[in-house]
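Everything on this sheet refers to the single structure shown next.
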Amino acid sequence: MGTLLRGGSVVSGQGVCRGDVLLEGEKIAAVGENLPVGDANVVDCTGKLLFPGFIDGHTHFDLEVAGTITADDFATGSRAALRGGTTMVVDFAAPDKGETLAAGLERWRRKSEGKTACDYGFHMTIDDWNEGISRELGEMMDQGITSFKMYMTYPAMMIGEGDMYRALLRLKEVGGIAGVHCENDGVIRALVEDARAGGRMAPASHPRTRPAPLEAEAVGHLLRMAQLADVPVIIVHLSARESLEEVRAARRRGQRVYVETCPHYLLLEDSAYDNPDYLEAARFVCAPPLRKRADQEALWEALRGGEIDTVATDHCSFTLAQKRAGQYDFTRIPGGLPGVEHRGVLLYTYGVAAGRVTAADMCRVLSENPARLYGCWPRKGLIAPGSDGDIVVLDPASEGTISVDNHVQNVDYTPYEGWRTKCSIVQVYLRGNLAADRGQVLNPRGRFIPRGRCCL
C-alpha cells in the first residue's frame, strides 16, 4: 500500500504548484492534480507546502575538536536532522596526518553504520599529500565519495599551497570537487599572539583575530589557484561581504565557483561575543566567526539573486561544559554551533515569510542545488516520479518557538533560544516511509548514498 499526499502545494526551484504526490515503496510514483486514490493511505496536506527532502552538505558528527568530541554523534545528530526536514547529510571523513584516506573512511563508516537515522554520505578530508593519497582520490570516487575538503587554516588539517594546487589538479583528473575553508592562517596566528601578549583572552577577541578581510584574502588566494588549475571549487561557510566580492570577481573571469553559507551568518551578529557573561559569549564561537549586520544583508541579497548555491549548517555541537574549557583562553573554546534541527524553519521564517526570498529559492538552496552539487541528483533533491520519496510537509500557518526545552539535538543550548517561527515541519518522509511526525522522530534507518559527479 502506498501513501498519497493530497491537496498540498509542491515546491520546486521553479515555483509552487498545486499537486498530489503518490509514494510507492521507496520512490515517488506520481505527481499531479487529483491523483486516483487506489489502495493508498491518504494524508490530507491541504494548506501545506511539500518540499523535497532537505540536504545538509556540511555536518560534523562524532568529531574530535580541541581535545573533546562533538556532543552529537551520528545517532543523535541524524535524528535532529530528520526532525527539521533534513533527509540526507554529507559529513566529513577525516584521516589523521600520516594516515591513508581509506583509514579515515573506515573509521567514519564505523561511526555511522547502523546508527544514522537519515540518509548520508561523506566528503573526504585531504589533510596530507603524497603519491598514495593522490592515487586514493580515484579510489574514493569509485566508492561514491566525490567531494573533498581542504583547509587554509588549522595546522593539523592544512597542506601547503603547492600541495593544494597539486590536489586541485588531481581532482580535475578524477572528476571530484573540493570545498575549502578559507581563512589566512598566518595572520590569524599573529593576531592571536598579539591578543595573548595584551591579555585579551575573552571571547570578544575571537572575531577580532579572525576578521572578515582574512577570509576574503584567502578566498581570493584560493580562486587564483583554482583559475590556474582550471577547476571549480566550493567556498564553504562563506560569511562576509568582502568574500562575496572575491567570488564575483572570479565569476566575471569565467570561473565556476560554488558558494555555501549558513543560517548563523544570515541571522546572528558578532556583538554576541561582547557579552560580559563568558558562557553567553562562548556559545557563539565558530570559524569563521559571526559578522556584522551589513554582512548579513549582503548574504541575503546574494541568496535572493542566486549567487549563493546552498545553505548548510556546519553543525558542530558542544555542550556549555565543553565550551567552558576556554574560560581563560578563547583559543581553547571548541568552535562550532548546533543548527541541523532548525535550518528549515529558520530559512522559511526569516527568509520566505519575511519576503527576503521565495519558497522556490528555499527549495533551490536546501534541496535541488545540494543534490546537484554533491552528485545525488535526480535521486535526491526534487519531487518527481522515480526520485526517492523524501518529502518535507511544512505548515506555513503554524507558529512556534525554538528552545532547548523542545529540541532533540544532544546539546544544552541553542543559539536561537526564544526565536519565534512562522511555520512547522509537520511530517518528514524518508524514502517513502514516515520518519518524523509532528516533532516525533520515529524509527527510520538511514542508508549510505554513493554519489556521482557535481552537475550544478
Exercise for the section: Answer yes when Glu193 and Arg196 have at least one side-chain N-carboxylate O distance shorter than 4.0 Å, and no when they do not. Expected result: no
Could you tell me whether Arg208 and Asp274 have a side-chain N and a carboxylate O separated by less than 4.0 Å?
yes
message: Would you call the rings of Phe92 and His60 parallel, tilted or perpendicular, taking 30° and 60° as the class edges?
response: parallel
- Task: Could you tell me whether the side chain of Met362 reaches within less than 4.5 Å of the side chain of Val311, counting heavy atoms only?
- Result: no
Checklist entry - Would Glu297 and Arg356 pass as an ion pair if we require N to O under 4.0 Å? => result yes
In Met158, Glu183, His221, the residue satisfying side chain to side chain contact (heavy atoms under 4.5 Å, CB included) with Met152 is His221
Are Asp295 and Glu242 close enough, and set up right, to give a side chain to side chain contact (heavy atoms under 4.5 Å, CB included), and what steps lead you there?
CA-CA 8 Å; Asp295 295 291; Glu242 293 99 319; 3.8 Å; yes
>> With a 6.0 Å cut-off (strictly less than), is the heavy-atom count around CZ of Arg107, excluding the residue itself, greater than 12?
In response: yes
Query - Evaluation steps, ring pair (Phe, Tyr, Trp, His ring centres under 6.0 Å), between Phe284 and His264 - result: CA-CA 9 Å; Phe284 294 99; His264 45 278; 9.9 Å; no
Exercise for review: Walk me through it: do Thr87 and Asp119 pass the test side chain to side chain contact (heavy atoms under 4.5 Å, CB included)?
Suggested key: CA-CA 6 Å; Thr87 54; Asp119 285 351; over 6 Å; no
- Would Gln296 and Arg293 count as a side chain to side chain donor-acceptor pair (under 3.5 Å) if you check the C-alpha gap in whole Å, the side-chain angles of each, and the deciding distance to 0.1 Å? CA-CA 5 Å; Gln296 291 179 15; Arg293 183 175 294 274; 4.7 Å; no
| said: Is there a side-chain contact between Asp62 and Lys115 in this structure, where contact means two heavy atoms from C-beta onward sitting under 4.5 Å apart? | reply: no
- Full working for side chain to side chain donor-acceptor pair (under 3.5 Å) between Thr59 and His315: CA-CA 5 Å; Thr59 62; His315 180 94; over 6 Å; no
- Item | Salt-bridge criterion met for Asp388 and Lys380 (N-O under 4.0 Å) | yes
**Evaluation steps, side chain to side chain contact (heavy atoms under 4.5 Å, CB included), between Thr414 and Glu417** = CA-CA 5 Å; Thr414 168; Glu417 182 68 40; 3.5 Å; yes
When every non-hydrogen atom of Asp329 is compared with those of Thr331, the smallest separation belongs to OD1-OG1, 2.6 Å
One thing to verify: whether Glu106 and Arg110 come together as a salt bridge, which I'm taking to mean a side-chain N less than 4.0 angstrom from a carboxylate O. yes
Discussion item. Between Thr310 (side chain only) and Glu260 (backbone N and O only), is there a donor and an acceptor less than 3.5 Å apart?
Written reply: no
>> Please check this pair: side chain of Ser239 against backbone of Pro288, looking for a donor-acceptor N/O pair closer than 3.5 Å.
In response: no
Arg372 (side chain) donor-acceptor with Trp377 (main chain) under 3.5 angstrom:
no
Would you mind reporting whether Leu303 and Leu347 have side-chain heavy atoms less than 4.5 Å apart? yes
